[in-house]
Amino acid sequence: TVTSSSVKINYYDQIQNGSFETPILTDKFQPELTEGNTKIVWKTTASDRRIEIVSAATDKYDNDNTHQYLSEKWHGMTKAAEGTQYAELNAEKESSLYQDVLTTPGATMNWQVAHAARLRNGGEGKFYGTDTMYVVIMAADKAENLSNNQALLKSVAEKLANNDVATLKAYPGAKSYKFTANQYDTWNLRQGTYTVPEKQYLTRYFFVAAGTAWDNNGNTTVKNTVGNHIDNIWFSTKLPPPSPDKGNLAVTKTVTGLSEIPDDYTVEISNGTDKITF
């Protein structure tokens, strides 16, 4: 007799826990949590499965110091991009964070991430330099051979960003964007769109650590536990919430009365200063 049972697998149509506000950090300002904690949702390429979340809360304490004080001392960050918590790509190993999202072929996905460099302070001295990461978006099934191989994932990310023909053929529809940051305590908001290819119903959204800070004595040895802060992540058909001093404008172009629309047909919108053509 063969007995089978159903297994529930949670998938979502947009990124979950994009601001790393869960689990809520209380006594420790930067615990290393283990992948599989259902509150985290995120997965990692690190072999030890560790994920590092940092709190910059002003009203929480780690021993006698506020989380914000320790976040500034050890990471150079006085605040998160959104909420009070953020993530560092490298916990104890050079690694990447990712999630799978249900997608509809042909749909336009809006993606976003806030990116910042890290300053490491304390007993080991200070480390300055440029943090580098890739945002990689591709079919989840094509990404399986990359998700437990950080070195291969980094290589593929670089080749995709450089439009390597063989790599683009091996990962059809994949996109990779390279971003750098060299100012700690400064969040850089990166945004873009991604068109879901045909027959791609599950899409993997990677943040790939590529380069990290080095010390102020010129030692270029990679610090595998240092670098690349991310926060305020978005991946959805909906537009991300605008910042407090901005808004979102959705414009729909509908053409009637023409039997055929010319290829060079455009519409221009102007507010008197800036112009948008689509």
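Only heavy atoms go into these numbers, but all of them, side chains included; no hydrogens, no water, no symmetry mates.
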Would F179 end up clustered with I230 when hydrophobic side chains under 4.5 Å apart are linked, directly or stepwise?
yes
Sorted by first residue and then second, give each ring-ring contact (aromatic ring centres under 6.0 Å, His included) pair with at least one member in residues 226-251; sequence neighbours left out.
H75-H229, Y86-H229, Y205-F235
Are the side chain of Q14 and the backbone of T237 linked by a donor-acceptor contact shorter than 3.5 Å?
no
One pair to check against side chain to side chain donor-acceptor pair (under 3.5 Å): Q112 and Q191. What are the steps and the verdict?
CA-CA 4 Å; Q112 170 183 285; Q191 296 176 314; 2.7 Å; yes
Have a look at N232 and tell me which of P241, P240, S19 forms a side-chain contact (heavy atoms from CB on, under 4.5 Å) with it.
S19
So how far is it from I137 CD1 to M109 CE, rounded to the nearest 0.5 Å?
8.5 Å
Gap between atom OG of S155 and atom CG of N149 - 0.5 Å precision
9.5 Å
Residue pair V196 / T104, side-chain heavy-atom distance below 4.5 Å
no
Would you say K142 and P172 make side-chain contact, with heavy atoms under 4.5 Å?
yes
Among residues two or more places apart or on two chains, list those pairs meeting side chain to side chain donor-acceptor pair (under 3.5 Å) that have a residue in residues 52-61.
S55-H67
Is it the case that the side chain of S96 and the backbone of T45 share a donor-acceptor pair, with hydrogens and angles ignored and the cut-off at 3.5 Å?
no
Hydrophobic cluster membership, with links at side-chain heavy-atom distances under 4.5 Å among I/L/V/M/F/W/Y: are F207 and I40 in one?
yes
Which Ile, Leu, Val, Met, Phe, Trp or Tyr residues join V165 in one cluster when any pair of side-chain heavy atoms under 4.5 Å counts as a link?
none
With H115, the side-chain hydrogen bond (donor to acceptor under 3.5 Å, both in side chains) member among N228, T180, T132
N228
Pairs where residues 75-84 contributes a residue and the test salt bridge (charged side-chain N to carboxylate O under 4.0 Å, His left out) is met, not counting sequence neighbours:
none
R118 side-chain N/O to W74 backbone N/O, donor-acceptor pair under 3.5 Å:
yes
Gap between atom CG of L70 and atom CG of N65 - 0.5 Å precision:
4.5 Å
How long is the straight-line distance from NZ of K39 back to CG of N17, given to the nearest 0.5 Å?
11.0 Å
Polar side-chain atom of D100 near backbone of L202 as donor-acceptor pair, under 3.5 Å
no
Decide yes or no for M133 and L89: does some side-chain heavy atom of the first lie under 4.5 Å from some side-chain heavy atom of the second?
yes
Is it true that a side-chain atom of T103 and a backbone atom of Q200 form a donor plus acceptor pair closer than 3.5 Å?
yes
Got a donor-acceptor contact below 3.5 angstrom from the Q99 side chain to the G18 backbone?
no
Other residues, nucleotides, ligands: >12 heavy atoms within 6.0 Å of I24 CD1:
no
Above 12 or not: heavy atoms from other molecules or residues under 6.0 Å from OH of Y69?
no
If you count every heavy atom of other residues, nucleotides or ligands that lies below 6.0 Å from E144 atom CD, does the total exceed 12?
yes
Taking T186 for the side chain and A116 for the main chain, is one N or O donor matched with an acceptor at less than 3.5 Å?
no
If hydrophobic clusters are built by linking Ile, Leu, Val, Met, Phe, Trp and Tyr wherever their side-chain heavy atoms come under 4.5 Å apart, do L25 and V54 end up in the same one?
no
Hey, mind stepping through Y194 and V135 against side-chain contact (heavy atoms from CB on, under 4.5 Å) and telling me if it holds?
CA-CA 11 Å; Y194 175 76; V135 172; over 6 Å; no
For residues N110 and K238, determine if any side-chain heavy atom of one lies less than 4.5 Å from a side-chain heavy atom of the other.
no
Any donor and acceptor pair, going by atom type alone, linking the side chain of N90 with main-chain N or O of S95 inside 3.5 Å?
yes
Determine whether W111 and W187 fall in the same hydrophobic cluster, where Ile, Leu, Val, Met, Phe, Trp and Tyr are linked whenever their side-chain heavy atoms lie under 4.5 Å apart.
no
What distance separates D131 CG from Y184 OH, expressed to the nearest 0.5 Å?
13.0 Å
According to salt bridge (charged side-chain N to carboxylate O under 4.0 Å, His left out), does anything in residues 172-186 pair up with another residue at least two apart or in another chain? List the pairs.
none
Clusters formed by hydrophobic residues whose side-chain heavy atoms approach within less than 4.5 Å: which one holds Y171, and what are its other members?
Y98, Y134, V136, M138, L146, L152, L153, V156, L160, L168, F206, V208
Whether the side chain of Q85 engages the backbone of F20 through a donor-acceptor N/O pair (distance < 3.5 Å, no angle test) should be reported.
yes
Taking the side chain as everything from C-beta on, heavy atoms only, tell me whether E92 gets closer than 4.5 Å to E32.
yes
Calculate, to the nearest 0.5 Å, the distance between atoms CD and NZ belonging to E94 and K154 respectively.
3.5 Å
Path from F29 to I53 over hydrophobic side-chain contacts below 4.5 Å:
no
